[in-house]
Amino acid sequence: MKNFVLNNGIEMPSVGIGTFLLSPADAEVSVREAIKSGYRLVDTANAYVNERAVGRGIKASGVKREEIFVSTKLWPCEYENPDAVDETLERLGLDYIDLLFLHQPAGNWKVGYKQLEKAYKEGKIRSIGISNFEGEYIEELLKICEIKPQVMQVECHPFFPQAELRKITDPENVRIMSWYPLGGKGNTAKLLGNPIISRLAEKYGKSPAQIVLRWHVEMGFVVIPGSKNVEHIKDNIAIFDFDLNKEDMGEIAKLNSGVRQYIRTPESLAGFALWHPQYEKK
């Protein structure tokens, strides 16, 4: 496993298990099996409604807590809740969180960020993250924050490698963490079936997904593919026995269309609109 060093000196694994859209039962099993398979990064969120299950999966893995890097996110309705961090710790069953994000630049996100800075100073979280804070939001945040964020989680893949955003984050040493790493729902087949990716998969004797995930690591991105298929989980981390050379990376760079694959609509966020911590019963 390759680790990245964040701008506060904390080490973060380059590959983790994502839990977006996983039911509590599936999340618990996926996390447990991922950790047993060598993963040391687990990503969840308040809005995924599976934090308790993720905490159970971590405990069931048998691996010491301090060896696992846990990231989660506060949803905007929690930004002004002074107990939001403590409640997140309670749901996860943990004494500290390695990386806590603001999930969206919505609501009173400036108050939310102050909460993260306070929790950081108190040792409740080891690093600060922002998710989807692109354009004007990241620029404004960097002007007003007391503690610079360590990680930015955004849509990122060969079709949309966040070239413009990285003009801001790279100089500040804010690490990109990729969601939709394989192109996203409805576009995964298009990416994995691309002739360039297929050719490299044949060259290295790897699956197309492994080629794309290795690309993320070579680009310096933290990547969190999600799955409830144990074999896929194992395959997704089997990417550290080969390197993509400069020529290979140049070929994949040709896929950059500058167009994001995820389109935010009221319908796409409908599930999140009803979220509240009290709904998580299992």
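Only this structure's heavy atoms are used, side chains among them; waters, hydrogens and symmetry mates stay out.
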Output yes when a side-chain donor or acceptor of [X] lies under 3.5 Å from a complementary backbone atom of [Y], and no otherwise.
X: Glu218; Y: Asp243; result: no
X: His216; Y: Pro181; result: yes
X: Ser127; Y: Asp98; result: yes
X: Ser14; Y: Lys2; result: yes
X: Gln150; Y: Arg175; result: no
X: Glu67; Y: Lys64; result: no
X: Tyr39; Y: Ile233; result: yes
X: Asn132; Y: His103; result: yes
X: Arg56; Y: Glu28; result: no

So which atom in [X] and which in [Y] form the shortest heavy-atom distance, rounded to 0.1 Å?
X: Ala47; Y: Trp75; answer: CB-CE3, 3.9 Å
X: Gln104; Y: Pro76; answer: CB-CG, 4.0 Å
X: Phe69; Y: Pro13; answer: CB-CD, 3.7 Å
X: Cys156; Y: Ile176; answer: SG-CG2, 4.3 Å
X: Lys148; Y: Cys145; answer: CA-SG, 3.9 Å
X: Ala84; Y: Gln115; answer: CB-NE2, 4.1 Å

Do [X] and [Y] share a hydrophobic cluster, counting only Ile, Leu, Val, Met, Phe, Trp and Tyr and linking them when any side-chain heavy atoms are less than 4.5 Å apart?
X: Phe240; Y: Ile17; result: yes
X: Val212; Y: Ile252; result: yes
X: Val223; Y: Leu21; result: no
X: Phe4; Y: Met1; result: yes
X: Phe101; Y: Val174; result: yes

Gap separating the [atom1] atom of [X] from the [atom2] atom of [Y], nearest 0.5 angstrom:
X: Thr169; Y: Glu164; atom1: OG1; atom2: CD; result: 11.0 Å
X: Ile35; Y: Ile68; atom1: CD1; atom2: CD1; result: 3.5 Å
X: Ile211; Y: Ile197; atom1: CD1; atom2: CD1; result: 7.0 Å
X: Ile10; Y: Ile125; atom1: CD1; atom2: CD1; result: 11.0 Å
X: Glu172; Y: Leu142; atom1: CD; atom2: CG; result: 5.0 Å
X: Ile237; Y: Ile239; atom1: CD1; atom2: CD1; result: 7.5 Å

Residue among [options] satisfying side chain to side chain contact (heavy atoms under 4.5 Å, CB included) with [X]:
X: Val15; options: Asn236, Asn3, Leu213, Val217; answer: Val217
X: Leu99; options: Gln153, Lys73, Met12; answer: Met12
X: Ser71; options: Val222, Ile97, Asp43, Val42; answer: Asp43

Any salt bridge linking [X] with [Y]? Criterion: basic side-chain nitrogen under 4.0 Å from a carboxylate oxygen.
X: Lys254; Y: Glu251; result: yes
X: Glu90; Y: Arg52; result: yes
X: Lys206; Y: Asp241; result: yes
X: Asp248; Y: Lys203; result: yes
X: Glu117; Y: Lys114; result: yes

Side-chain contact, heavy-atom cut-off 4.5 Å: [X] with [Y]?
X: Lys110; Y: Asn108; answer: yes
X: Val63; Y: Arg40; answer: yes
X: Met177; Y: Ile224; answer: yes
X: Phe221; Y: Gln162; answer: no
X: Met219; Y: Met249; answer: yes
X: Val70; Y: Arg65; answer: yes
X: Leu22; Y: Ser30; answer: yes
X: Tyr96; Y: Arg126; answer: yes

- Message: Is it the case that atom CG in Asp83 sees more than 12 heavy atoms from other parts of the structure closer than 6.0 Å?
- Response: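 Above 12, so yes.
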- Look at atom CD of Glu122 and say whether more than 12 heavy atoms of other residues, nucleotides or ligands are closer to it than 6.0 Å.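 Counting other residues, nucleotides and ligands, CD of Glu122 exceeds 12 neighbours.
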Would you say the side chains of [X] and [Y] form a donor-acceptor pair under 3.5 Å?
X: Asn50; Y: Thr44; result: yes
X: Tyr120; Y: Asn8; result: yes
X: Glu78; Y: Asn46; result: no

- Task: For residues 6-17, pull every pair meeting salt bridge (charged side-chain N to carboxylate O under 4.0 Å, His left out), keeping only residues two or more places apart or in separate chains.
- Result: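 Of all non-adjacent pairs touching residues 6-17, none passes salt bridge (charged side-chain N to carboxylate O under 4.0 Å, His left out).
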- Query: Tell me the salt bridge (charged side-chain N to carboxylate O under 4.0 Å, His left out) pairs involving residues 221-232, sequence neighbours left out?
  - Reply: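 Residue pairs with at least one partner in residues 221-232: Asp26-Lys228.
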- Message: Classify the ring geometry of Phe242 against Tyr204: parallel below 30°, tilted from 30° to 60°, perpendicular beyond 60°.
- Response: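 Phe242 vs Tyr204 ring planes: tilted.
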- Query: Between Phe133 and Tyr137, what is the ring plane arrangement, given parallel below 30°, perpendicular above 60°, and tilted in between?
  - Reply: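 Ring orientation, 0 to 90° scale: perpendicular.
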- Could you check Ile196 against Arg199 for side chain to side chain contact (heavy atoms under 4.5 Å, CB included), going step by step and ending with a plain yes or no? CA-CA 5 Å; Ile196 291 174; Arg199 185 167 63 251; 3.9 Å; yes
- Query: side chain to side chain contact (heavy atoms under 4.5 Å, CB included) between Asn81 and Leu74: does it pass, once the steps are laid out?
  - Reply: CA-CA 10 Å; Asn81 174 8; Leu74 298 182; over 6 Å; no
- Let me know which of Tyr48, Tyr180, Trp179 forms a ring-ring contact (aromatic ring centres under 6.0 Å, His included) with Phe20.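 Of all the options given, the one that passes is Tyr48.
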